[in-house]
Amino acid sequence: IIIIGLTALIYYLTGDNKPPNSTLPLGNPPQTELKITGDIATEKTLTVADLLQMPLTTVTHTIKGETATYLGVTITQLLNETGARWDTGFVNVVAGDGFTKTINTYQAYNSTQYPGGEFILAFTKDGQWITNSAEGPLKLIAPGLVSNYNVRNVAEINLQPWIITVNGTVSN
């Protein structure tokens, strides 16, 4: 019992939140670029190799009757790693063909409170790189939202601040 307890303690204390390399598909990741634009100090361009350096998350999700296991980085982690401003409100996820869906930072953060329900930017599906041009190589997986929020072929994340409008009988 002591050996099992010590082994578990060492495992949890030394873990870096990344799955072991054996969970990543063989071969090189797809060559694609993700642009981070909008309300950010410096616009960034990331590759799948860059995303692999971040803590990874696995989500099993059913889209239009098909259940699959996806591996990627949470939207919250992506925003943190790319230096998004603290007041970023809207996250516009843009596909290569211009299709856009908007989530907000609260939805992204709140999803991380439910293991297995996190909003992730996925690059593997069922243990394989997403290389199908109809799906990837990057795909937004948003459990809990209607299926058209699962944006395929993500090319850009555009960040917009919250905007509060005060109007009526006010002087400013």
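The analysis underlying the following values was restricted to heavy atoms, covering all of them including side chains, and did not include hydrogens, waters or symmetry mates.
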Given the rule in the side chain to side chain donor-acceptor pair (under 3.5 Å) test, do T60 and T69 qualify, once you have shown the distances and angles that lead to the verdict?
CA-CA 4 Å; T60 299; T69 301; 3.0 Å; yes
Do you reckon L145 sits in the same ILVMFWY cluster as I63, going by side-chain contacts under 4.5 Å, direct or chained?
no
Run the numbers on I157 and T82 for side chain to side chain contact (heavy atoms under 4.5 Å, CB included), then give the verdict.
CA-CA 11 Å; I157 303 286; T82 56; over 6 Å; no
Of L121, V94, L140, L138, which is the lone residue that meets side-chain contact (heavy atoms from CB on, under 4.5 Å) with V151?
L140
Tightest non-hydrogen contact, residues P115 and Q113, listed as CD-O, 3.6 Å
Quiz question: by atom type and distance under 3.5 Å, do the side chains of T74 and T57 form a donor-acceptor pair?
no
Interatomic distance, OH@Y106 vs CH2@W162, rounded to 0.5 Å, equals 10.0 Å
Quick check: is L71 connected to L34 through a chain of hydrophobic side chains (ILVMFWY, heavy atoms under 4.5 Å apart)?
yes
Would I141 end up clustered with L52 when hydrophobic side chains under 4.5 Å apart are linked, directly or stepwise?
no
Charged tip of K125 within 45° of Y70 ring normal and under 6.0 Å:
no
Would you say the side chains of T47 and Q31 form a donor-acceptor pair under 3.5 Å?
no
Strictly distance-based, threshold 3.5 Å: is any side-chain N or O of S111 a donor or acceptor partner for the main-chain N or O of F119?
yes
For a 4.5 angstrom cut-off between non-hydrogen side-chain atoms, does V59 reach P143?
yes
If I take atom NZ from residue K139 and atom OG1 from residue T124, how far apart are they, to the nearest 0.5 angstrom?
12.0 Å
Exercise: do N150 and S147 side chains pair donor with acceptor under 3.5 Å
no
Quick one: does any side-chain atom of T105 pair with a main-chain N or O of T88 as donor and acceptor, under 3.5 Å?
yes
Are the side chains of T32 and V154 in touch, meaning some heavy atoms are under 4.5 Å apart?
no
Close side-chain approach of F123 and V48, heavy atoms under 4.5 Å
yes
Intermediate values then yes/no, side chain to side chain donor-acceptor pair (under 3.5 Å), T100 and N92:
CA-CA 6 Å; T100 303; N92 301 306; over 6 Å; no
Less than 4.5 Å apart, any side-chain heavy atom of P137 and any of N153?
yes
Measuring from K44:NZ to E81:CD, what's the distance to the nearest 0.5 Å?
10.5 Å
Is there a side chain to side chain contact (heavy atoms under 4.5 Å, CB included) between V91 and L159 once you walk through the steps?
CA-CA 5 Å; V91 180; L159 308 173; 4.1 Å; yes
Between F99 and V93, is any pair of side-chain heavy atoms under 4.5 Å apart?
no
Determine whether Y109 and I75 satisfy the following criterion, side chain to side chain contact (heavy atoms under 4.5 Å, CB included), listing intermediate values before the conclusion.
CA-CA 8 Å; Y109 172 76; I75 298 301; over 6 Å; no
Okay, side chain of W129, backbone of L26: is any donor-acceptor separation there less than 3.5 Å?
yes
Just wondering, are more than 12 heavy atoms of other shown residues or ligands nearer than 6.0 Å to NZ in K35?
no
Contact summary for D39 and P161, nearest pair of heavy atoms:
OD2-CB, 3.5 Å
Residues G38 and Q160: closest non-hydrogen pair is CA-NE2, 4.2 Å
Nearest 0.5 Å, what's the OG1-CD distance between T102 and Q107?
9.5 Å
Closest approach of G144 and H61, non-hydrogen atoms and distance?
N-CE1, 4.3 Å
Just how far is it from atom CD1 of I120 to atom OG1 of T76, taken to the nearest 0.5 Å?
12.0 Å
Interatomic distance, CD@Q53 vs CG@L46, rounded to 0.5 Å, equals 11.5 Å
Any side-chain heavy atom of E135 within less than 4.5 Å of one from I130?
yes
